[in-house]
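Below is one structure, written out as structure tokens, with a few remarks after it.
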Amino acid sequence: MSFLQLPAAELETTLAKELARNPALELVDELRCPGCGKRLLQRPCPTCAAPSQTDHPIVYLSPREPRAYSPAELETEYRDAYAHVPLDEYILRQIGPQLTRAERPMAAYILAQLDEDGLFAGSPAEVAAAQRASLSAVERVLALIQHADPPGVGARTPQESLLVQLDSLTDSIPPAMLNLAHAILQNHFELLGKQDYAQIARRLRVPRSLVEAAARFIQRNLTPYPARAFWGEGKVPETEDASALSDPDISISFFNQSSGGPLMVEVFTPFSGWLRVSPDFKAALADCDEADREKLSAAVEQAALITKCLQQRNHTMRRLMQIIAEEQRSFILGGDRDLRPLTRAQVAKALAVHESTISRAVAGKSIALPSGRIVPLAKFFDRSLSVRDRVRRLVEHETRPLTDDEIAVALAREGIHVARRTVAKYRNMLGILPANVRARLAKTSRARPASMPALTPAS
DNA sequence: CTATGGCACGGATT
DNA sequence: AATCCGTGCCATAG
């Protein structure tokens, strides 16, 4: 009965359906700002009216209009635009320019045979025969496909796919890790599947912890089913990326683009107008057949309920964002490290509503920050985000690999007291390897140890 | 002996 | 009521 838990996109379809079905429901499109002509759901117009002298954020409702996207958003926007395109077509668009006229049907033929995971079940020889092309030509096309966007797509086996994906990461991971992961995937794939790390370690003559680190890396960053990560529907339901791809439900920007000023929060609503019970319909109710009256008044009742629910949703969302924008201003302007611990319960208390109300309001929503980043609204309630960010920074700036204990001590100096065990958990979440492994990696990837200055100061 | 990960417990949060 | 989170204890690798 309540619309609160629905993100704007779903609310839009729900309301559109109701609007079509119920004649008593009417969409009024008449509120426009006399100053700027912008459509408004609420006065005063936040763009034209002077902001209050305080720093308080201005929260208002805004119709979902096409937004101007910052460069940072363009990439996700691109993904989104193509999200509904079938995989084969998506790939064909990328490699199309590099294909000759003769290669085009070959590519289409191959792409049609990709299974739902993005793997290619057929053999190049078979394709060559069917297309009356040379084997080398087929392989050239296949290679092009394999280097197209969902990395690893078009590989014949999960193993091959993983190797291709690994290659695409060459520049962003330490060479030692790259080599190790490559060796494991190439030569010990079955053992990896069985998680027999000890055996792999023995054969490669590498410490077991390193093998485990590499296995974790593979598990975290590569997928045997390349198409799923990008196209799988519902299989990866609640990742941060999933919500980041869609349009936000809320946007925070600077009032009048003047950075440093008050914040402007827009809660998007599906329509540029407002819903009400049609007065004409109500008038018609007065003089109509007795038989129809029952049905018509039911429709009116239903329509009234919907407008009420919608108002309630808007009201709650605005009050919620008011609190968040005030409380987390520094996080909105700064970065992860500035997030203050804030619980749904606190907000519920401040707004005098039930906790579950806040949970519903936050669930599934995403928000665009002034920086252009789109993040889940739930991020404002992440208790440990700022601490994790500090851990990341500490490791990034370390001169020698810090152990979890040392990190814990360093954090304590910043006034954050967490147990060593907790640091380990955060480190894992961040995908940072243990200190001893980092030390090893640094050592083995160093070309010549001699070129390295002594880094342990005599004490 | 030290550093780290797994398990599980209790308290907070949803 | 179910889930999440920080933490202590213990086993294990190096």
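Note on naming: letters A, B, ... go to the chains in the order of the sequence lines (proteins, then strands), and numbering restarts at 1 for each one.
Dashed line: the shortest gap from a side-chain N or O of A:Tyr426 to OP1 or OP2 of C:dG6 is under 4.0 Å. The phosphate of B:dT14 has neither OP1 nor OP2 within less than 4.0 Å of any side-chain N or O from A:Ser356.
Following rounding to the nearest Å, A:Arg420 (CZ) and B:dA3 (P) show an atom-to-atom distance of 10 Å. To the nearest angstrom, P of B:dT13 lies 15 Å from CD1 of A:Ile358. Straight-line distance from the CD1 atom of A:Ile407 to the C1' atom of B:dA3: 12 Å, rounded to whole Å. The CG atom of A:Asn428 sits 15 Å away from the C1' atom of C:dG6 (whole-angstrom rounding). Rounded to a whole Å, the CZ atom of A:Arg344 is 11 Å from the P atom of C:dC4. Rounded to whole Å, the distance from CG on A:Asp405 to P on C:dG8 is 12 Å. Protein atom CG of A:Leu210 is 18 Å distant from nucleotide atom P of B:dA3, rounded to whole Å. Rounded to an integer number of Å, the gap from CD of A:Glu212 to C1' of C:dG14 is 12 Å.
Nucleotides of DNA chain B nearest to A:Leu342 and A:Pro434 differ in position, and the one nearer the 5' end is that of A:Pro434. Nearest-nucleotide positions on DNA chain C place A:Asp382 closer to the 5' end than the other of A:Asn436 and A:Asp382.
Salt bridge annotation for A:Glu398-A:Arg438: present, with a cationic side-chain nitrogen under 4.0 angstrom from a carboxylate oxygen.
Taking SG of A:Cys309 as the reference point, atom CZ of A:Arg313 lies at 11.5 Å (rounded to 0.5 Å).
With a 6.0 Å radius and a threshold of 12 heavy atoms from other residues, nucleotides or ligands, A:Glu301 has its CD atom at or below the threshold.
The residue A:Arg421 sits close to a base: some heavy atom pair falls under 4.0 Å.
For A:Arg427 against B:dG5, a side-chain-to-base donor-acceptor contact under 3.5 Å is absent.
Between the side chain of A:Thr357 and the backbone N or O of A:Val353, no donor-acceptor pair lies under 3.5 Å. Between the A:Glu160 side chain and the A:Ala155 main chain, no donor and acceptor come within less than 3.5 Å of each other.
You'll find that the side chain of A:Ala345 is closest to B:dT14, out of B:dT4, C:dG8, B:dT14. For A:Thr403, whose side chain is taken as the heavy atoms from C-beta onward, the closest listed nucleotide among C:dG6, C:dC9, B:dT4 is B:dT4. Listed nucleotides: C:dC5, B:dT14, C:dG6. Nearest to the side chain of A:Glu355: B:dT14. Side-chain proximity of A:Lys425 to B:dG5, B:dA3, C:dT7: nearest is C:dT7.
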